[in-house]
Amino acid sequence: MFGKLLKNLDNPNLKSISGMDATFLYVDSPTSPMHVGSVAVIEGDLKFDVFKKTIQSRLHMIPKLRKRLIYAPMSIDYPYWVDDPNFDIDLHLQHVALPKPGGWKELRKMASQVFSEHLDQNRPLWSFTFVEGLENVPQVPKGSVAVISKIHHVAIDGMAGAGMMSLIFDFTSEKKTIPEPKPWKPKPLPNEVSVMMKSAMSFAGNPLKLPKILSKAIQGSLKAGMITRAQRMELPTAPFSAPATPLNGIVSGRRKWNTAILDLKRIKELKNIMGTTMNDVVLAFCAGALRRYLKEKKKLPHKPLVAMVPISTRTEAEKDSTDNQVSSMLIQIATNVEDPIERLEAIHENTVRGKTYQKAIGAKTLASMAEAVPFGVANQAARLYSRFQISEMHNPVFNVTITNVPGPQFPLYLNGHRMLIVGGMAPILDGMGLIITILSYNGFVTISPTSDAKTMPDIDLFTRYIRESANELEAAILKRGKKKTAAKKKPTKAKSDALFAHFKKEIKAAAKFIKPNNGLFQFQVTGDVETFWQVNLNKSPGTVLKRKAKNPDATFIIKDEHLMKIGMGKMNLQTAFIQGRLKIDGDSGKAMKLGAIIAKLPKLELKK
């Protein structure tokens with residue numbers, strides 16, 4: 001009966017923001033506008049009127065562009081999205097021209113100015129600045145234009161922002177007739193009584209939200225702890241363990257923005273040579289630039305800097321939602337390591353460790369913690385934190401944010417005009433005065449630092465160091481690759497052959513511990529030499545043969561080097577599976593039994 005009463009009182013026109021979205025309102029302050037943005041350079045003489053008509057014709061595809069926030073009385077619940085009955089597109093579009101000579105310096109200065117300005121929370125939280133006069137930007141045709149976009153982080157996350165590009169831009173260069181805007185009838189603004197009732201229902205409908213979330217988090221933490229003990233690895237970097245740097249003070253209100261443009265193909269080549277991920281390589285570029293920048297100022301700490309790396313928790317079912325779906329992990333980025341290759345290798349190991357913990361505890365569980373915090377309490381706490389400059393009273397939570405958002409790898413067009421390049425921007429706040437946004441688009445990667453005039457007044461110098469760090473790492477990797485190619489003889493057998501010989505010997509010695517009907521397994525070992533091994537544990541003591549298995553219960557697909565780590569006790573099967581280094585096809589239950597048997601056997605010790 002109580003549930004039926006709540007349903008009758010519900011107002012379907014009121015949609016509350018999520019706890020994760022609300023965090024971006026908590027920390028919005030006069031010196032920290034919490035919008036994300038981009039600078040897109042568009043080829044040719046695109047006209048402002050055409051741009052405006054294109055946006056008008058597609059507003060219905062992105063409902064939040066005509067919605068504003070209203071707040072619950074006394075902030076007892078999160079704010080709500082409602083239609084803005086006074087929506088006027090001219091309040092969200094600006095038309096400007098670059099001062100002469102119309103080069104890259106003038107464009108980034110204008111972008112910095114636009115990013116310094118707050119969005120009006122009494123209106124929909126977005127704006128586009130249409131910039132003409134790009135007359136002297138290298139490799140950009142004269143007369144081209146730029147679009148500087150801003151949208152409050154409460155309305156969108158990075159992955160959704162990349163998806164929004166496909167709504168504003170077209171996939172083909174064909175110029176089409178721009179349709180008339182679809183009729184729009186905004187729903188009337190709700191009164192305070194209906195907002196109060198909705199807020200009360202939100203709490204009454206799920207009073208056990210906090211205990212449920214904490215229970216999931218505790219279960220995940222225990223699971224993560226077991227994994228780290230089993231693999232004998234350290235826990236990931238903890239908050240407040242980052243060293244003090246000039247990047248972590250009180251920020252000013254004037255933003256500084258720039259971008260470095262790199263070739264995606266060259267980055268992929270580096271990650272393939274090193275066996276890392278593309279994200280590891282880009283983190284290494286940033287780490288090299290940070291090390292050089294701080295070292296020149298005699299401010300480089302002995303401990304490695306810690307980067308906060310956002311992780312999208314967006315599922316396939318949530319791909320069309322613009323709500324924030326994000327968690328994060330903390331990664332030590334090895335700024336204390338001088339050699340660029342050793343720095344990359346350290347970053348790779350640190351990211352693997354962070355991802356293992358994230359998968360165990362569940363990024364969704366970590367992100368949902370924000371849902372249990374009352375908006376009014378968290379909002380006031382955030383404002384007090386900023387007002388009393390509490391960030392200067394403790395170690396930094398982390399030193400820098402580095403966010404990587406993949407974009408489309410094909411050209412996009414706006415009424416037939418190709419977008420040449422796009423660089424991202426994201427917010428900073430007290431204690432976190434540098435964020436580096438990485439965007440990939442159509443064969444290029446932009447690495448765009450955003451800071452403020454107090455924290456990093458010479459951001460153009462730091463941006464140059466990013467490019468030079470990339471060149472330094474590339475030269476070192478290619479040099480090592482050539483040496484390895486010259487010295488390397490193609491192996492005739494896999495290293496793990498020795499492991500299977502060891503395995504064959506040890507299962508015979510442990511025959512009394514191996515019960516029959518444990519299963520028939522196949523190992524597909526990939527690498528320089530691909531091999532197949534059959535492990536038959538259906539009869540004691542079991543057999544190990546170098547051949548493909550017929551109708552195996554489970555097949556293990558793993559690289560030779562990773563299998564050797566398992567055999568030598570440096571990694572276990574469960575951890576390798578969580579990290580994506582091991583793929584299992586077939587009966588997972590029997591596969592886990594084999595993992596338990598392998599764990600009991602003596603580890604392989606190679607003769608030196």
Side-chain angles (χ1 to χ4, degrees), residues 38-43 104 137-141 144 146 158-159 161-163 165-166 169-173 258-290 307 309 312 333 339-345 347-348 351-352 402-413 417-425 436-449 462-486 488 526-528 559 580:
S38 67
V39 178
V41 177
I42 300 171
E43 185 179 47
W104 182 247
V137 179
Q139 300 180 330
V140 173
S144 295
M159 291 295 288
M165 288 171 63
S166 64
F169 291 91
D170 301 312
F171 296 145
T172 70
S173 59
N258 204 335
T259 192
I261 303 171
L262 304 177
D263 188 309
L264 177 61
K265 184 179 178 181
R266 289 166 68 179
I267 297 174
K268 286 183 175 179
E269 183 181 357
L270 300 184
K271 69 101 175 172
N272 290 338
I273 292 172
M274 294 301 297
T276 65
T277 67
M278 198 179 93
N279 195 54
D280 295 333
V281 175
V282 178
L283 284 175
F285 294 165
C286 298
L290 284 164
V309 181
S312 176
I333 54 173
D339 183 87
I341 292 182
E342 291 179 9
R343 191 183 307 129
L344 170 60
E345 290 171 338
I347 289 170
H348 175 64
T351 55
V352 166
I402 304 177
T403 175
N404 191 348
V405 179
Q409 293 310 307
F410 48 83
L412 296 176
Y413 300 85
H417 296 269
R418 180 165 58 104
M419 182 170 73
L420 297 176
I421 205 73
V422 58
M425 171 269 171
I436 302 173
T437 307
I438 300 155
L439 277 175
S440 58
Y441 162 70
N442 195 31
F444 292 97
V445 174
T446 54
I447 304 179
S448 308
F462 176 68
T463 306
R464 176 162 68 85
Y465 287 174
I466 292 174
R467 290 192 295 269
E468 292 177 0
S469 173
N471 292 335
E472 178 191 39
L473 181 61
E474 180 183 48
I477 291 174
L478 294 181
K479 184 178 179 181
R480 174 188 275 196
K482 286 180 181 178
K483 284 183 178 179
K484 279 190 173 182
T485 302
K488 189 176 180 182
T526 62
D528 293 327
K559 282 187 176 181

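Along the sequence shown, the residues carry numbers beginning at 1. Keep in mind it's a predicted model, so treat the numbers as computed, not measured.
Under 4.0 Å is where a charged nitrogen must lie from a carboxylate oxygen, and between K479 and E472 no such pair does. Comment: E269 does not engage K265 in a salt bridge, judged by the lack of any side-chain N to carboxylate O separation of less than 4.0 angstrom.
The line from NZ of K559 to CG of D528 is 10.0 Å long, rounded to the nearest 0.5 Å. Here CZ of F285 is found 13.5 Å from CD1 of I333. Values are rounded to the nearest 0.5 Å. Note that CD1 of I477 and OG1 of T276 are 7.0 Å apart. Values are rounded to the nearest 0.5 Å. Taking CD1 of I347 as the reference point, atom SG of C286 lies at 8.5 Å (rounded to 0.5 Å).
Between V445 and I438, some side-chain heavy-atom pair lies under the 4.5 Å cut-off. Side-chain contact between F444 and L420: absent, with no pair of heavy atoms (C-beta onward) separated by less than 4.5 Å. In this structure, the side chains of F462 and L290 come closer than 4.5 Å at one or more pairs of heavy atoms. Residues K268 and V281 form no side-chain contact, since every pair of their non-hydrogen atoms from C-beta on lies 4.5 Å or further apart. A 4.5 Å side-chain heavy-atom check between N442 and P408 finds every atom pair outside the cut-off. Contact of the V282 side chain with the I447 side chain is registered, since non-hydrogen atoms from C-beta on lie closer than 4.5 Å. In this structure, the side chains of E474 and L270 come closer than 4.5 Å at one or more pairs of heavy atoms. Contact check for V41 versus V137: no side-chain heavy atoms found under the 4.5 Å cut-off.
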Check the pair L283 / T351 against side chain to side chain contact (heavy atoms under 4.5 Å, CB included), numbers first and verdict last.
CA-CA 10 Å; L283 284 175; T351 55; 3.9 Å; yes

Determine, step by step, whether E345 and R480 satisfy the salt bridge (charged side-chain N to carboxylate O under 4.0 Å, His left out) criterion, reporting the C-alpha distance in whole Å, the side-chain angles of both residues, the deciding distance to 0.1 Å, and the verdict.
CA-CA 14 Å; E345 290 171 338; R480 174 188 275 196; 3.2 Å; yes

Decide side chain to side chain contact (heavy atoms under 4.5 Å, CB included) for M419 and F169; before the verdict, give the C-alpha distance in whole Å, the side-chain angles of both, and the deciding distance to 0.1 Å.
CA-CA 9 Å; M419 182 170 73; F169 291 91; 3.7 Å; yes

List the steps and the verdict of side chain to side chain contact (heavy atoms under 4.5 Å, CB included) for V39 and T259.
CA-CA 10 Å; V39 178; T259 192; over 6 Å; no

Show, in sequence, the C-alpha distance, side-chain angles and deciding distance for L344 and M274, and conclude whether the side chain to side chain contact (heavy atoms under 4.5 Å, CB included) test is met.
CA-CA 9 Å; L344 170 60; M274 294 301 297; 3.7 Å; yes

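T446 places no side-chain N or O within 3.5 Å of a backbone atom of I261 that could act as its donor or acceptor partner. For the pair Y441 (side chain) and P406 (backbone), a donor-acceptor distance under 3.5 Å is absent. For the pair S440 (side chain) and G407 (backbone), a donor-acceptor distance under 3.5 Å is present. Checking side-chain atoms of S144 against main-chain N and O of V140 turns up no donor-acceptor pair under 3.5 Å. H417 places a side-chain N or O within donor-acceptor distance of the main-chain N or O of E43, the cut-off being under 3.5 Å. With hydrogens and angles ignored, the 3.5 Å screen pairs a side-chain donor or acceptor of Q409 with a backbone N or O of G443.
Here the closest non-hydrogen pair linking N258 and P449 is O-CD, 3.2 Å. When all heavy atoms are compared, the tightest approach of L262 to A470 is CD1-CB, 4.1 Å. When every heavy atom of P340 is checked against every heavy atom of A476, the shortest pair comes out as CG-CB, 4.1 Å. Smallest separation of non-hydrogen atoms from S448 and G423: OG-CA, 3.7 Å. Taking every heavy atom of both residues into account, A284 and L473 meet most closely at CB-CD2, 3.8 Å. When all heavy atoms of I402 and A307 are compared, the pair lying nearest together is CD1-CB, 4.0 Å.
Heavy-atom contacts from other residues, nucleotides or ligands closer than 6.0 Å to OH of Y465 number more than 12.
Ring pair F171/F410: centre-to-centre distance below 6.0 Å.
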